[in-house]
Amino acid sequence: MAPPKVLMVAEKPSIAVSIASVLSRGKMFTRRVSTEVHEFDGVFFGSPAQFKVTSVIGHVFSVDFPPKYQDWAATDPLDLFEAQIVKNESNPKAHICRHLNQEARGCRYLVLWLDCDREGENICFEVIQSTGFNIKDTYRARFSAVTEKDVMKALDNLSTPNRDEALAVDARQEIDLKVGVAFTRYQTSYFQGKYGNLDSRVISCVPTLFCILLLLVIYLVLLRALLKASKVEALTIMDCDILLVAAYFSYGPCQTPTLGFCVQRYLQINTFKPEKFWSLHPYIIFQGYEIQLEWQRGRLFDKTVAMMFQKLVAEDGFLEVTEISEKQETKGRPVGLNTVNLLKVASSALGFGPHMAMQIAERLYTQGYISYPRTESTAYPPSFDFRGTLSAQANSPTWGSYVQGLLANGYHKPRSGTDVGDHPPITPMKSVTEDTLGSDAWKLYQYICQHFIGTVSPDCKYLRRKVEFSIGGESFHCTGHQVIAKGFTAIMPWLAINDKNIPSFTKGQKIEVSKLELYEGTTSPPDYLTESELISLMEKHGIGTDASIPVHINNICERNYVQVQASRRLVPTTLGITLVRGYQSIDPDLCLPDIRSFIEQQITLIAKGQADHHCVVQHVIQQFKQKFSYFVKKIEDMDALFEAQFSALTDSGRAMSKCGKCLRYMKYISAQPTRLYCGTCEEVYYLPPMGTIKLYKELSCPLDNFELLVCSMPGPEGKAFPLCPYCYSNPPFEGIESLINTVKNGPSGKIGKGAGMPCTLCPHPTCPNSLVSQGVCACPECSGTLVLDPLSAPKWRLCCNKCNCLVFLAQGAHRISTTKERCPECDSSVVEVDFNKKTTPLEDGSTLHRGCILCDELLHSLVEMKHGRGFRRMGSRGGRGRGGGRRGGYRGRGRGKMVDPKMSFRDF
DNA sequence: GCAAGGTC
C-alpha cells in the first residue's frame, strides 16, 4: 500500500518554502500551480508519508452582502444591519479555493501552518472549507519562527485549530462590514452632490508645458487608484488644468478614529490660548565659561511674583554652590525592530509615508534583503543567528569595520523586547549596495541594518554632572554631560549624546551673578500631528494592525480628509474637519478610538470561548443599528456644518461676535434659520428666528466667554433681550429646558434653531446680565419674570422674559438699575432710579431714588403697562420666588411660580 | 462606489 499523503498549507508562499525546506532537508520537488507546491517524502506519525506543502495568499475569502443589497439606490442602509452576509473568494483570479481543493484530492491528512494569530486561525477554517477535509483528519501546527527547531517541535506537537478564535474574526468581519458600509452609503448618498463647493475639489495650476506633462504623468499613475477611490468626473488640460473629484464620505471603525486624531490636534491648535510666562535666568562667568542657570521653579505665570523673586536674587547677588553630584547614566541600545517602529522612523527621519515604506520593505523582503517586514515582535527568537546575520554585513563599505569590531570583540545579546509569537524582528538577510537598490530602498535598508547592528552593540554610557546653587532663597542648577562610551550610538549617530562641559565647582563656593534676566515667554500651541505620532496613537489605542495602519492613513489622505504637509505633518482638510465635527455634534463615540476597543473587547469574549458568536454579533450589531438610527435622525446637525462650510451662505455671512472657544469672529448668517457660524471651531449656533441681532456692547458671558448679543423685536413695542450665542443653544443649567416652554424645539430636537435660553432666563447667580441680576418682578400676564431692558434708556422699560408684556418705568430717567436689595413687602427687586435733573419728581431737587416699582408710591405712579390688563401692587405676593428659595434645583427671581402658580400677579 | 484584515 502506498504511504498516505499529507497536505500542508501555510499562510504565504515564503513560509511554505521554509517549512518544506526544513522537513525535506532541502530535497523537494517544486511545481507551480496557483501557488507553489513542494513535494517530498518523509515521516508522519512515525510512518512513511508523502508530503505536499503549499500555501494560500492571506485570507481565501472575504465577506460581502448578497447581490440584492449591492444597489445603493434600492437598499435602505438600515436594512444592511439585518442582512445575511456571504463569503466570496478574496482574489477570484488566483483560484486559491480550486487549487486547495485539487491538491487535497487523495490526501489523507491536512496540516495547517497558518500564522499563529486570530486571523491565521480563521484562515485555517477557510482552508478546511476549501479542501473539504474532515476536521478529524485536520491538524494545526503552532510555531513562532520558521527555524528547523521550531518547525520540528510544531510537527511533534500538532493540535487542532481553535474555532473560537476563528469565530471572533468572523464576528469582526461582519461588524466592520455592516457598520462601515451602512454609514458610508448613508453619508455619501446624503451629502454627495448636495453642496457645489464640496464636490468640486479643484486642483489647478498654471498651464505651462511642464504642468501639462506633470499632470499627465500624475493622471496615468493615479488613474487606477483614483477610479477605485473616488469618481473622476472631468479632466481638462486645455486652458486651465482642472481635476474634478467628487467628495467621498466613507466611515469605518478604524479610519474614522484615525481621522479623529488628526482633527483633535487641529482643534487643540485652534482653541489654544497663549499665556505669558516668566522665568529667571541668572548667568555666571566662571573659568572662562558663560553659563545660564536653570531655575528650579521653571516657569511662573504671574509677572508680579516672578519680579519679586528677581528682586530677591538681585539683592543677594551671589550664588552659593550647594550640591555637586556626578552619576553614570546609560542610554540603552534599541530592542529589535518591528513594523510600527520602522514606519515611524521611515516617516520622521527618512520622509517616506507608511504606505510607501511598506511597499519598499515588501520589495526588499521578496528580493531576500530583509526578513519578513510585518511583525509586532521586538524580541529575537532564542535560536536567532546573530553571528551569521552580523557576518553578512562585515564587508559593507559603510559599517563593515564596525561590524568586524563587534565580531572580533564580542557582540552583545539584544535587550529582551516583547515576543508576540508572530515573526522575528525585521533584520537584514544579506548585504547589498546602494547601486543595486536605488536611493529610496537603500535608505530603508540602511536603517534596518543600522538598527540591527545597534541592537547587538553595547549601551551608550555617559557621566551626568549636576551642580546646584542657592541665591536669595531660590534654587538654580546646571548640568553637563561627558560621554564615556558611545556604544550603539556610533552606528546610530542621530541618537548620540553630545558632550557638554561645565567648569569644576566646589561646594560652598560663592560666585557672583554676571547677569540676571527675567525671561518673558509665551506658551505656544502644539503643531499638527506628525505621521509618526499618529502611528503611535493608533498603536496605543489598538486602531488597525501593523499591516493595516498604513492603509488607514493612506485612505484618509486619498479621500482628501487630511493632507500631508512639510515634515510629514497631517493637516485635516475642511472636509475632514467637518466630518469629525459632525460626528462630535451627533454622537462623539463615532469618531473616538473607543469604538474599536469596544468591538475588540466584544469579540475577545468569543475568542476566549466566554460568549456565543451569534449572541455577540447580534448584540453589537443592534447597538450600532441604534447609533445609526440616531445618526440618521440627527443628520441635520451635521448638515448644518456642511452647509455653513460649503454653501454660498458662508461667503455672504458677515463678522458678528467673537467665539468664546477660539476668540475669533463668527459669521452671522441672516438666512433662516438665523445662526452664527464659527469657521475655526466648525460650530453652528442658532439665534432667535425674529428680530435684529447686534453686538451687546462688548460684554462676554462669564460661563463660556462668548460675546453677548442683543436681539430686538421689530417696532417701538418690540421687546429686546441679551443672549449668549453658546448658552442660547446649549443651556448651561440642568432643567432649564422645562422653563423654556414658550418656544418650540427645532427639527433637530435640540434647543436650538430659534429656541433657546437668552440671558433673561439664565439663573447665573452673579453675572450682571442674568435673570437673577436683571429680573425685577413677576409678569402680570404669564408665568414669566419682568426683566430690565438695559438698552431701553431713556424710554426705560421692563420686558417679560416669556411673553410680550412690556412695562414702562420712569421715562426720561438718567439711569435705572437693579440692586441686590429686595422689597420687604413683595420680594421684588429694589431698583435705583437716577432722575434727570430738570424733570426730577423728587421734592428737594435731588435725583437719586431707590424703591420697589410695586410698593413705592412714587415709582409705581410712573409705571405704565403695555400689552397687559393692569399692573398693581399685590401685597406681599408676587415678585421673585419667595425667599429666593431653591425650587426645582433652580434659583431665580419669579421662579417660584413655576412650582406654585398662585405666586403670579395674574391669579389675583 | 462601501469596512478591515490577510498578502503580493
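In what follows, every chain begins at residue 1, and chains take the letters A, B, ... in the order their sequences are listed. Atom set for the values below is all heavy atoms of this structure, side chains included, hydrogens, waters and symmetry mates excluded.
- For the pair Y372(A) and S62(A), nearest-nucleotide mapping onto DNA chain B gives the more 5' position to S62(A).
- A close approach under 4.0 Å does not occur between any side-chain nitrogen or oxygen of R172(A) and OP1 or OP2 of dG6(B).
- Put simply, Y248(A) does not rest on the base of dG1(B): the two rings are not both less than 5.5 Å apart at their centres and under 30° in tilt.
- Close to dC8(B), at under 4.0 Å from its OP1 or OP2, lies a side-chain N or O of R374(A).
- Y251(A) comes within 4.0 angstrom of sugar-phosphate atoms only, judged by non-hydrogen atoms across all strands, and of no base.
- The aromatic rings of Y372(A) and Y365(A) lie perpendicular to each other, with more than 60° between the two planes, well past the 30° mark.
- Taking H541(A) as the reference, F261(A) meet the ring pair (Phe, Tyr, Trp, His ring centres under 6.0 Å) condition, with sequence neighbours excluded.
- Counting any heavy atom pair closer than 4.0 Å across all strands shown, V551(A) reaches no nucleic acid atom.
- By the ring pair (Phe, Tyr, Trp, His ring centres under 6.0 Å) test, F183(A) pairs with Y251(A), F628(A), F631(A), sequence neighbours left out.
- For the OP1/OP2 pair of dG5(B) and a distance below 4.0 Å, the side-chain nitrogens and oxygens of H552(A) include at least one atom meeting the criterion.
- Residue G120(A) is out of contact with every strand shown, counting any heavy-atom pair closer than 4.0 Å.
- Using a 4.0 Å heavy-atom distance criterion, N91(A) is classed as a base contact.
- Counting non-hydrogen atoms under 4.0 angstrom, R118(A) reaches nothing in the nucleic acid.
- As judged by a 4.0 angstrom heavy-atom cut-off over every strand, E11(A) is placed among residues touching the sugar-phosphate backbone only.
- Applying the 3.5 Å distance criterion, the base of dC2(B) shares a donor-acceptor pair with the side chain of Q70(A).
- Within the 4.5 Å cutoff, side-chain heavy atoms of I595(A) are placed close to those of P257(A).
- Across all strands, P13(A) comes closer than 4.0 Å only to sugar-phosphate atoms, never to a base (heavy-atom distances).
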